[in-house]
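A short worksheet on the structure shown next.
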Amino acid sequence: MTTHQYTNHDVAEHLRLIANLKEIKGEGRFHYLAFRNAAEVVDSLGEDINDIVAAGKLTDLPSVGKGVAEVITQFLASGDSDLAAKLRDQVPISLIDLLAVEGLGPKKVARLWQELGITTLDELKAAAEAQKIRQLKGFGAKSEEKILKGIDLLARRGDERTPLGVARPAVLGLIADLKAALPDDAITAIEPAGSVRRWKESVGDLDILAITPRPAEVMAAFCSLPQVRDVLWRGETKSRVRLKDGLECDLRAVAQKHWGTALQYFTGSKQHNIELRELALKQGWSLSEYDLEATGRGDAPAGEKRHFAAEEALYEFLGLDWIPPEMREARGEIALARTHNLPRLITTADIQGELHGHSNWSDGKATIQEMAEAAIARGYKYWLLSDHSIGLGVTGGVDSEKLAQQRDIVEELNQGWADAGVDFRLLLGVELEILADGRLALTNDVLAKLDVVVASIHSSLRQDRETITRRALNAINNPHVDILGHPTSRMLSRRPPTEIDMERVMRACAETGTVLEINAHPVRLDLNDVHARRAVDLGCKIAISTDAHRPQHMDFIEYGVAVARRAWLTSENVINTLPWDKMQQALK
DNA sequence: GCCGTTTTCGGCCCGACTGTTTTCAGTCG
């Protein structure tokens, strides 16, 4: 069995290191951008790059040519590359840290190094405090102040991204407060843009786009919102603030006629936009956030402008179907839109019920009946009660006897709904603990009596790759285990995924008909989008569930559906879009 | 360094804002 030492992410980081060193060294823009582009490609790859190298398919990847392929091959074999070694001889590697300081880019870092001999953050701080930096042409007192502030910020904040589950409510709150602070006619339209609109699992900052006849008034109100700690930029049409919780937020104001191009532009992703602009250029148009302008190389006379009040019209003009924001990651969606082959993405309306949830019999906060009634209120046709089994220390889990008691309750409740003509079924299952040694916490004869079994790992999360993978495979190979819950056990910005070999797990699920869960809780989002895409490519079925521990958690379903949409999933890929009888047939 | 619906050579997205400038380079998204 192949156990690889270096992951896709390791490779991407190595390529980024090379790009950064090349940039500081002053190599041409396109030489280092090539490495950065390749890093993005490798990072969003569903397959293990070791397998791609083994198959000799490396240069089939976009942005990977001879040079990048050579680096990747060397890195996978040795953990380093000749190119990186050569660059480290020429450029002090600690300069990379300086790039993280706000306002410092490669050009300035290179000058600080060459003209003042600064190579570390400590030296940079000392030089700024001693007012030595202002001696350099192009730097002044304000530059020193900004550098010191930047270093301070870096020490306190790190470079962590914010989970979508925090960012999305924050941006919706800002929009609501901004509207409330202004007269009704000041804002014609306002929307979150950027990675929040693309439902990316974590975001670097917040973006808001507004149509307004009076941008100055809107900018002023925005900069004085109570959430704002610092105003970083304040312009006519664009402002950037730092909020009290440390998040940064951009607001852009545009005129009505620019809405289509502006919303498209500020939604990104950056790479999607670059591809779209390249496509426009081929058709003789230069695309900006304001308009399309003819370059003169196409049919229209140079300088002719086209405006788009809606995104759909812009995409259509370029010969494309409208691309849902969740797909705009430069993963081949533009080619599909061109040939009218975009998938019909799943929506929350397709969800017929949930297949993972808890009651106060384990660590949930509501009764079985309360949870089921919340599911009914959402229009679901079924809901799986799956309390933790015994074997998980922190929650008094259910055993054979308690499951029998739950069965009585479930049957009584179902009878009541049937008598009342309510089209709903409460299903009885369990969230089965996969123990540290790979055994399951309940016996097969107990599991056989349940409607659906979700098996999950909650403990011994630091086991090595082989051990924890075998643990999951034991569960997958059990004929009674229907669903593998939150497969990597990661918690966004709290703990990393386990070392589990997802490629092996997904292949085993495809072979056995075991369903993989997209856990919709915004802290988990596990499977993530890349894994979900790969799982479906390998023939796996998916379930999307919120893992609700109280009724309100069922609102999280939109986060899980968003992961599925980012993975290009349709309702056919997801079993809980089926009516309950067909759904049960889809289980093994 | 990568890439091809004009191309194996000659391109490679576009604009706002800042700090330092007397007209712009650098950074950022």
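Chain naming here is simple, since letters A, B, ... match the order of the sequence lines and numbering starts at 1 in each. Here the structure is a predicted model, which means the values were calculated and not measured.
- You won't find any donor-acceptor pair under 3.5 Å spanning the side chain of A:Tyr290 and the base of B:dG15, going by distance alone.
- Between the side chains of A:Glu201 and A:Asn528, no donor-acceptor pair of N or O atoms lies under 3.5 Å.
- A:Asn20 has its CG atom 13 Å from the P atom of B:dT27, to the nearest Å.
- Nearest-nucleotide mapping onto DNA chain B: of A:Thr237 and A:Asp207, the residue sitting toward the 5' end is A:Thr237.
- Mapping A:Glu144 and A:Ser288 onto DNA chain B by nearest heavy atom places A:Ser288 at the nucleotide closer to the 5' end.
- Straight-line distance between the P atoms of B:dC12 and B:dT5: roughly 16 Å, to the nearest whole Å.
- Listed nucleotides B:dA16, B:dC13, B:dG29 differ in distance to A:Arg277; the shortest reach to its side chain belongs to B:dC13.
- Comparing B:dC13 with B:dT20, their P atoms are spaced 30 Å from each other, to the whole Å.
- For A:Leu281, the side-chain atoms get nearest to B:dC13 when compared with the rest of B:dG1, B:dC17, B:dC13.
- Residue ring and base: A:Phe139 does not count as stacked with B:dT20 (centre distance below 5.5 Å and interplanar angle below 30° not both satisfied).
- For A:Glu289, whose side chain is taken as the heavy atoms from C-beta onward, the closest listed nucleotide among B:dG15, B:dT27, B:dC2 is B:dG15.
- B:dG1 and B:dT8 are spaced 15 Å apart, taking the C1' atom of each and rounding to whole Å.
- B:dA16 sits 24 Å from B:dT21 when the P atoms are compared, rounded to a whole Å.
- When the P atom is compared between B:dG11 and B:dT6, the two are found 15 Å apart, to the nearest whole Å.
- Residue A:Lys282 is out of contact with every strand shown, counting any heavy-atom pair closer than 4.0 Å.
- Distance A:Leu21 CG to B:dG1 P: 15 Å, rounded to the nearest Å.
- A:Ala19 comes within 4.0 angstrom of no nucleic acid atom, judged by non-hydrogen atoms across all strands.
- Taking atom CD1 on A:Ile147 and atom C1' on B:dG26, their separation rounds to 13 Å, with Å as the unit.
- Residue A:Ser143 has a polar side-chain atom (N or O) positioned under 4.0 Å from OP1 or OP2 of B:dT20.
- Within the 4.0 Å cut-off from OP1 or OP2 of B:dA16, not a single side-chain nitrogen or oxygen of A:Arg252 is found.
- The CZ atom of A:Arg29 sits 13 Å away from the C1' atom of B:dG26 (whole-angstrom rounding).
- A side-chain donor from one of A:Asn341 and A:Thr339 sits under 3.5 Å from a side-chain acceptor of the other.
- For A:His31 and B:dC3, the NE2 to C1' distance is 14 Å, given to the nearest whole Å.
- One can place CG of A:Leu33 at 14 Å from C1' of B:dG11, the figure rounded to the nearest angstrom.
- A side-chain donor-acceptor contact under 3.5 Å links A:Gln74 and A:Glu70.
- Counted by atom type alone, A:Glu316 and A:Trp322 present zero donor-acceptor pairs between their side chains at under 3.5 Å.
- Tested against A:Val203, the residues A:Val171, A:Val196, A:Val166 include a single side-chain contact (heavy atoms from CB on, under 4.5 Å) partner, A:Val196.
- In summary, the side chains of A:His14 and A:Ser81 do present a donor paired with an acceptor at a separation below 3.5 Å, with no hydrogens or angles considered.
- Among B:dG1, B:dC12, B:dC17, the nucleotide with an atom closest to any side-chain atom of A:Val68 is B:dG1.
- Comparing B:dG15, B:dC17, B:dT27 by their closest approach to the side chain of A:Pro106 singles out B:dT27.
- Counting non-hydrogen atoms under 4.0 angstrom, A:Tyr265 reaches a base of the nucleic acid.
- Between the side chains of A:His258 and A:Glu289, no donor N or O sits under 3.5 Å from an acceptor N or O.
- The distance from atom CG of A:Asp250 to atom P of B:dC17 is 11 Å, rounded to the nearest whole Å.
- The A:Lys142 side chain lies nearest to B:dT20 when the options are B:dC13, B:dT20, B:dT18.
- Relative to the six-membered ring of A:Trp199, A:Arg168 meets both conditions, a distance below 6.0 Å and an angle of at most 45° to the axis.
- At the heavy-atom level, A:Glu275 lies nowhere under 4.0 Å from the strands shown.
- Following rounding to the nearest Å, A:Asn37 (CG) and B:dG1 (C1') show an atom-to-atom distance of 10 Å.
- The side chain of A:Lys238 sits closest to B:dA16 out of B:dC12, B:dC2, B:dA16.
- B:dT23 and B:dC28 are spaced 25 Å apart, taking the P atom of each and rounding to whole Å.
- Within 4.0 Å (heavy atoms only), A:Leu287 reaches sugar-phosphate atoms of the nucleic acid but no base atom.
- The side chain of A:Ser286 places no N or O atom within less than 4.0 Å of a non-bridging phosphate oxygen (OP1 or OP2) of B:dC13.
- The base-pairing partner of B:dT8, taking Watson-Crick or G-U wobble contacts with both distances under 3.5 Å, does not exist among the strands shown.
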